[in-house]
Amino acid sequence: MKKGFFLVLEGCEGSGKTTVGQWLFEQLTASGEKVFYTREPGGKESPVAEKIRTIILDTQNNVLPLTEAYLFAASRAQHVEEVIKPHLAKKEIVICDRFVYSSYAYQGGGRQLGLETIKRLNALAVGDLQPNLVLLFDLDPALGLERKRSHRQDFDRLDQEDLLFHQRVRNAYLELAKENNTLFKIVDAQKPLAEVEATALNYLKNKLKEANYALKDSSY
Ligand code: Z5A
């Protein structure tokens, strides 16, 4: 059973979720909370999941859509059991940069394998693990790709997809958020970074309270 607090960050390329996630990690850690930061595909403390990540993202690999979906799910199955659940059992706040909703949006929407197929394929990998909160950093993919290109030279297999693919991903995310509006909170990622961070922190604080999570610093 989950005892900690499970926060998931989702969004299209360059939406800023990693930047904001790291900032949230620092804020919480500075106020004395025990926080664990990880990401998918792969995951901190999971060599097997990391090996699967390299297969998925390698631009030299011709990975077919269904194979790709299984690889993401396989990496997740390892990450959930080996990393996420044990940290939650220690009552920590787990921040996960991408989770199963990325598969719903990228493989279900982007690759057009369909949401139901991807849900079925991930059911065993995720089991009964449910996040307390999903922050969706929403941004026009054209802008996100531009942000990414201005800061990085290396692009993985999925980054290299065309704009239409990324627009399908965004639409799938927005549809998920609409259907699960108590779990998802949408953050406008086009706003200046300080504003995005403040909005994300505010949503997180409210959910921590709602979940009766025992914060070390009760004034937080
Ligand atoms: N994938 C999948 O298909 N299915 C799955 O199930 C899973 C993943 C789990 C993983 O790539 C790829 O796998 C990903 C989805 C797919 N692929 N694509 N395409 P990754 O792990 O290497 O990286 P990522 O998760 O895609 O991260 P990202 O999109 O590259 O970045 P981000 O976390 O969204 O953004 P960032 O790095 O925090 O920010 C990007 C830049 O923008 C950076 O220079 C910031 O300083 C800047 N930034 C951030 N916020 C702002 C604001 N508000 N204003 C201006 N500039 C900003």
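As the structure is a prediction and not an experimental result, all values here were calculated from the model. Note that ligands are numbered from 1 as they come in the structure, with each ligand's atoms numbered from 1 the same way. Quick note: residue numbers are just sequence positions, from 1.
With contacts defined as side-chain heavy-atom distances shorter than 4.5 Å, the pair Val94/Val83 does not qualify. Looking at Glu26 and Val35, their side chains never come closer than 4.5 Å, going by heavy atoms from C-beta outward. Side-chain contact between Phe72 and Ser102: absent, with no pair of heavy atoms (C-beta onward) separated by less than 4.5 Å.
Asn61 places no side-chain N or O within 3.5 Å of a backbone atom of Val63 that could act as its donor or acceptor partner. A side-chain donor-acceptor contact under 3.5 Å links Glu50 to the backbone of Gly43. Here the side chain of Arg53 pairs a donor or acceptor atom with the backbone of Pro41 at under 3.5 angstrom. With hydrogens and angles disregarded, a donor-acceptor distance shorter than 3.5 Å links the side chain of Arg76 to the backbone of Phe99. The main-chain N or O of Cys96 is never found under 3.5 Å from a side-chain atom of Thr38 such that the two would form a donor-acceptor pair.
In the vicinity of Thr18, heavy-atom distances shorter than 4.0 Å reach the ligand 1 atoms 32 (P), 33 (O), 38 (O). Close approach to Gln107 involves these atoms of ligand 1, each under 4.0 Å from a residue heavy atom: 2 (C), 3 (O), 4 (N), 5 (C), 6 (O). Of all the atoms in ligand 1, the ones that sit under 4.0 Å from a non-hydrogen atom of Glu40 are 9 (C). Here is the list of ligand 1 atoms found below 4.0 Å of a heavy atom in Ala189: 53 (N). Remark: ligand 1 atoms within the under-4.0 Å shell around heavy atoms of Phe72 are 1 (N), 2 (C), 3 (O), 4 (N), 5 (C), 6 (O), 7 (C), 8 (C), 13 (O), 16 (C). Of all the atoms in ligand 1, the ones that sit under 4.0 Å from a non-hydrogen atom of Asp156 are 11 (O), 22 (O).
Checked by distance only, ligand 1 and Tyr106 stay at 3.5 Å or farther apart across all their nitrogen or oxygen atoms. Between Gly14 and ligand 1, at least one N/O pair is under 3.5 Å apart. In terms of polar-atom proximity, defined here as any N/O pair under 3.5 Å, Asp97 makes no such contact with ligand 1. Ligand 1 has no nitrogen or oxygen under 3.5 angstrom from a nitrogen or oxygen of Pro41. Checked by distance only, ligand 1 and Arg39 stay at 3.5 Å or farther apart across all their nitrogen or oxygen atoms. Residue Glu13 places at least one N or O, backbone or side chain, under 3.5 Å from an N or O of ligand 1.
Relative to atom 23 (O) of ligand 1, the option among Arg149, Gln190, Lys148 with the closest non-hydrogen atom is Lys148. Checking Arg76, Glu10, Lys17 against atom 9 (C) of ligand 1, the nearest heavy atom belongs to Arg76. Heavy-atom proximity to atom 52 (C) of ligand 1, evaluated over Gln22, Glu68, Glu195, Arg147, is greatest for Arg147. Closest to atom 20 (P) of ligand 1 by heavy atom, among Glu146, Arg98, Arg53, is Arg53.
Residue-level proximity to ligand 1 for Cys12 is carried by the backbone, the only part with a heavy atom below 4.0 angstrom.
Contact check on Lys207 versus Glu210 returns a salt bridge, with a Lys/Arg side-chain nitrogen under 4.0 Å from an Asp/Glu carboxylate oxygen.
Remark: Lys90 pairs with His87, Glu92 by the side chain to side chain contact (heavy atoms under 4.5 Å, CB included) rule, at least two apart or across chains.
Taking the ring axis of Phe36 as reference, the NZ or CZ atom of Lys44 stays within 45° of it and closer than 6.0 Å to the ring centre.
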